[in-house]
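To find a chain, count down the sequence lines: A is the first, B the second, and so on, and within it residues start at 1.
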Amino acid sequence: MSGWNIHLPATEYFELGLVQTQPEEAHKLLTFMNEMASQPRVAIDTETTGLVTWKDIPLYWSVAWPGKRATLHANMLQHFQAIFKQLKKDWIMANAKYDTHILANVGVNLAGRLVDTCVMHSLLYEDKPHGLKYMAQHLKGWTYGDFQDQFGKIGKLQSAEELIRRAEKENMSLLIEYAANDAWATWQVYEELRTQLQMAATHSLFRTTYPYIETLWDLFDKIEVPYTRVLWDMERAGIKVDRAHLERSEPEALQEIQRIEKDINHAVGFILNPKSPLQLRDYFFEKEGYPPIKWSKGGTTGVRNPSCDSMFLEHIAPKDEVARLVLKHREYSKLHGTYIKGLHDLLDPTDRIHTRFNQDVARTGRLSSATPNLQNVPRPENDKWGLRRAFIPEEGCEIIAVDYEQLEMRLLAAAALEPDMIGIFARGWDIHMGNAALMFNVPYEDLKSAKAIDKQVKSKQLPESAMTDYVHQCLEHRAAAKAIGFGLNYGMGAGKLGHSLNLSRADAQKKIDQYKATYPAVKQFFEEAVAETLRTGYSFTILGRRRNVIEIASHRKDERALGERIAINTQIQGSAADVCKMAQIHIANLDLVKHYGCRMLLQVHDELVFECPKENVKIAMEEIKELMEHPFSSDLAVHLAVDGGHGDSWGAAK
DNA sequence: TGTCCCGGCGCG
DNA sequence: AAAGCGCGCCGGGACA
């Protein structure tokens with residue numbers, strides 16, 4: 001306990017048997033409950049049977065507030081219901097959604113605010129871990145025993161529950177102390193982080209905040225705390241999956257994969273595992289003697305190997321049967337392993353699936369989604385088995401999916417106050433055509449009709465001869481503008497752009513120059529983003545979230561360039577995340593569940609997915625769209641357009 | 001059996 | 001000389 005100079009109060013312990021048989025214990029409990037009920041903030045933690053949020057239950061729980069720490073048996077939970085139902089209470093937790101799920105699994109619903117110390121920590125130290133043990137050590141200098149060090153490794157052989165059951169018999173006092181330490185550390189860390197957040201001045205990327213945010217504490221208190229509850233509700237609801245769809249697809253996929261494996265072995269003349277990068281390298285570069293076109297990054301070992309990724313395989317595919325087979329194999333085994341089998345393994349008994357939305361992972365302030373990741377489910381055009389159609393509504397409901405149209409580009413135009421780009425959005429133009437029109441001085445109408453002609457030729461409504469040189473040129477202009485529009489947010493260089501457009505590096509550079517000449521305010525915005533990040537060390541988003549970009553001051557040129565790309569991208573990507581986050585909070589406040597039985601289920605960065613009784617789909621969708629378009633108390637210089645659809649599955653809703 | 005890293009790839 | 005941001009998950013392979 002080095003450096004720990006705060007008084008550590010004795011741990012109180014309560015369990016049902018004791019308070020029912022011993023009057024003095026019952027009296028102590030009453031005093032304790034009264035004190036707890038009067039606390040505005042209580043740190044709370046659970047020791048559980050496992051990590052599955054919809055299934056596992058608490059075995060012990062612990063609480064802490066100034067001067068007090070206690071561990072309680074799970075059999076005491078029901079006696080505290082009146083306190084758990086208090087509306088005006090902050091529950092301080094490390095990884096708040098998890099404990100809230102575990103408690104809900106035994107009918108304990110925390111009515112107050114869910115205050116997550118991990119999220120607090122992530123606002124200040126986004127490049128550090130946010131686990132409780134780490135925070136206690138780094139913020140308070142307190143190192144205390146890790147669960148697995150003291151009670152044994154959790155694994156296949158022994159579950160968390162078994163370890164706790166054994167500790168109950170063999171070392172109950174250690175168990176009580178351990179549980180209390182977690183709550184105590186959570187409280188200490190909370191107080192420290194609150195002070196630090198209050199002292200951390202910040203500002204909006206837009207120089208005006210909506211709502212008004214002066215410090216990181218404001219950001220946490222006004223935005224992140226209510227957002228935790230929104231995410232918890234989504235995780236809790238889960239989304240229904242068509243189990244039969246997965247079970248139908250599984251053997252199909254397996255069969256396709258095995259057929260391809262056979263073909264590969266036949267074609268190469270020996271057993272080759274197409275999932276092994278090692279064996280593929282040996283085959284293509286040693287045996288077949290292809291020249292590599294790309295090398296891997298090396299990672300920690302620094303070993304750079306020639307790459308057999310899809311870029312290489314596609315490059316040789318026209319003349320190489322094995323490459324074509326490996327590409328197909330990759331496609332199908334990805335779908336099988338990650339989505340068909342992966343999703344099936346995580347269904348709950350009602351065929352719903354519960355992702356975890358992480359609020360403290362992405363350095364830009366975006367969410368991440370895990371176990372399973374529902375933010376990377378394949379789009380229909382890349383998915384033979386149509387997995388988005390396996391996400392279905394409950395009986396009598398439909399799925400609603402609403403997404404922002406070019407959110408990041410709209411925010412770029414609004415942040416840069418680029419009048420011509422703002423004009424394109426104001427006219428409701430296709431942004432890529434609009435960019436192309438201004439960059440290459442071509443009438444917008446020509447670009448529009450070129451796209452229409454292309455479509456008609458492809459569907460055989462027009463002869464091939466309709467594709468004149470000029471039409472081709474117009475299509476190329478739009479493609480170039482599109483690639484630049486997306487690429488520049490990421491700091492894409494001329495080499496990469498040239499590759500994606502089949503142009504020389506010099507020609508690609510010319511296009512980039514044309515873009516920057518067309519939009520001087522955007523050019524200036526990028527330069528200012530870099531300059532400010534260099535000056536302050538931080539990149540700021542619209543809600544005043546900040547990211548420390550250490551790379552930008554590096555003496556290494558490539559690292560500095562990375563820092564510049566991060567500085568630009570964080571402002572745009574992070575602000576887009578802010579927009580969606582605000583919309584979600586507003587939507588939750590509307591209480592669509594109460595009014596329409598409509599539940600928010602998923603967030604995929606710029607898309608929200610709902611489940612809604614059929615008869616209310618129209619009205620609910622209108623209200624959702626309205627709030628998504630106006631996430632802040634005042635509107636931005638660019639209208640935030642959204643597009644929505646509904647249907648009998650996620651796949652059908654778009 | 002469990003853990004780590006790597007190459008590769010799904011999404012926005 | 002080269003320079004694409006942000007995530008999470010799978011299987012292979014090395015190692016304890």
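With sequence neighbours excluded, the residues satisfying side-chain hydrogen bond (donor to acceptor under 3.5 Å, both in side chains) with A/Thr364 are A/Gln573. Scored by the salt bridge (Lys or Arg N to Asp or Glu O under 4.0 Å) test, A/Lys482 finds no partners at all (sequence neighbours excluded).
Residue A/Asp558 is out of contact with every strand shown, counting any heavy-atom pair closer than 4.0 Å. Residue contacts shown for A/Ser307 are limited to sugar-phosphate atoms, with no base heavy atom under 4.0 Å away. Contact annotation for A/Asn489: no contact, since no heavy-atom pair falls under 4.0 Å across all strands. Counting non-hydrogen atoms under 4.0 angstrom, A/Lys557 reaches a base of the nucleic acid. Residue contacts for A/Arg556: at a heavy-atom cut-off of 4.0 Å it reaches no nucleic acid atom on any strand shown. If you check every strand for non-hydrogen atoms under 4.0 Å, A/Arg547 touches sugar and phosphate atoms only. When heavy atoms are screened at a 4.0 angstrom cut-off, A/Gly495 is found touching no nucleic acid atom at all. Backbone-only engagement by A/Gln279 is indicated by non-hydrogen atom pairs under 4.0 Å involving sugar-phosphate atoms exclusively. Nucleic acid contact class of A/Asp383 (heavy atoms, under 4.0 Å, all strands): none.
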I'd like a table of donor-acceptor pairs (distance under 3.5 Å, sequence neighbours excluded) in which one partner is a side-chain atom from residues 277-286 of chain A, with atom names and distances.
{"residue": "A/Gln279", "atom": "OE1", "partner": "A/Asn273", "partner atom": "N", "Å": "2.8"}
{"residue": "A/Asp282", "atom": "OD2", "partner": "A/Lys287", "partner atom": "NZ", "Å": "2.6"}

N/O donor-acceptor pairs under 3.5 Å from side chains in residues 494-506 of chain A, not counting sequence neighbours:
{"residue": "A/Ser500", "atom": "OG", "partner": "A/Leu497", "partner atom": "O", "Å": "3.0"}
{"residue": "A/Ser504", "atom": "OG", "partner": "A/Asp507", "partner atom": "N", "Å": "3.0"}
{"residue": "A/Ser504", "atom": "OG", "partner": "A/Asp507", "partner atom": "OD2", "Å": "3.4"}

Could you tabulate the donor-acceptor pairs under 3.5 Å formed by side-chain atoms of residues 508-515 of chain A, not counting sequence neighbours?
{"residue": "A/Gln509", "atom": "NE2", "partner": "A/Asp513", "partner atom": "OD1", "Å": "3.1"}

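Scanning DNA chain C 5' to 3' for nucleotides with an atom closer than 4.0 angstrom to a non-hydrogen atom of chain A gives a first and last hit of C/dA1 to C/dG13. Scanning DNA chain B 5' to 3' for nucleotides with an atom closer than 4.0 angstrom to a non-hydrogen atom of chain A gives a first and last hit of B/dG2 to B/dG12.
For NZ of A/Lys523, the number of neighbouring non-hydrogen atoms (other residues, nucleotides, ligands) closer than 6.0 Å is 12 at most. Surrounding CD of A/Gln524 are at most 12 heavy atoms belonging to other residues, nucleotides or ligands under 6.0 Å away. Atom CD of A/Gln255 is surrounded by 12 or fewer heavy atoms from other residues, nucleotides or ligands within 6.0 Å. Within a 6.0 Å radius of CZ in A/Arg356, other residues, nucleotides and ligands contribute 12 heavy atoms or fewer.
Within a heavy-atom distance below 4.0 Å of DNA chain B, the residues of residues 363-375 of chain A found are A/Arg366, A/Asn373, A/Gln375. For DNA chain B, no neighbouring residue in residues 500-514 of chain A is found when judged by any heavy atom under 4.0 Å. Near DNA chain C, meaning a heavy atom under 4.0 Å from it, residues 334-343 of chain A has A/Lys334, A/Gly337, A/Thr338 in order of number. A heavy-atom distance below 4.0 Å to DNA chain C is reached by these residues of residues 562-569 of chain A, ordered by number: A/Leu562, A/Arg565, A/Ile566, A/Asn569.
Applying the salt bridge (charged side-chain N to carboxylate O under 4.0 Å, His left out) test to every pair with at least one member in residues 330-339 of chain A, sequence neighbours left out, gives these pairs: A/Lys328-A/Glu331.
Annotation: C/dG4 and B/dC9 have their C1' atoms spaced 15 Å apart (nearest Å).
With ring centers used as reference points, A/Phe610 lies 6.0 Å or more from A/Trp650. In this structure, A/Trp54 has its ring center no closer than 6.0 Å to that of A/His101.
For the pair A/Glu250 and A/Lys341, the salt-bridge criterion is not met [side-chain N within less than 4.0 Å of a carboxylate O]. A salt bridge does not link A/Glu629 with A/Lys625: none of the charged nitrogens is closer than 4.0 Å to a carboxylate oxygen. Look at A/Glu256 and A/Lys384 and you find a salt bridge, because one of the NZ, NE, NH1 or NH2 atoms lies within 4.0 Å of a carboxylate O, short of that distance.
When atom types are taken as modelled, the side chain of A/Glu235 and the backbone of A/Phe357 share a donor-acceptor pair closer than 3.5 angstrom. For A/Glu288 (side chain) and A/Tyr290 (main-chain N/O), no donor-acceptor pair under 3.5 Å exists by modelled atom type. Under the 3.5 Å distance criterion, the side-chain polar atoms of A/Asn265 are matched with a main-chain donor or acceptor of A/Leu272. No donor-acceptor distance shorter than 3.5 angstrom exists from the side chain of A/His329 to the backbone of A/Glu261, with no hydrogens or angles considered.
Nucleotide B/dG7 has C/dC10 as its partner under the Watson-Crick or G-U criteria, with both atom distances under 3.5 Å.
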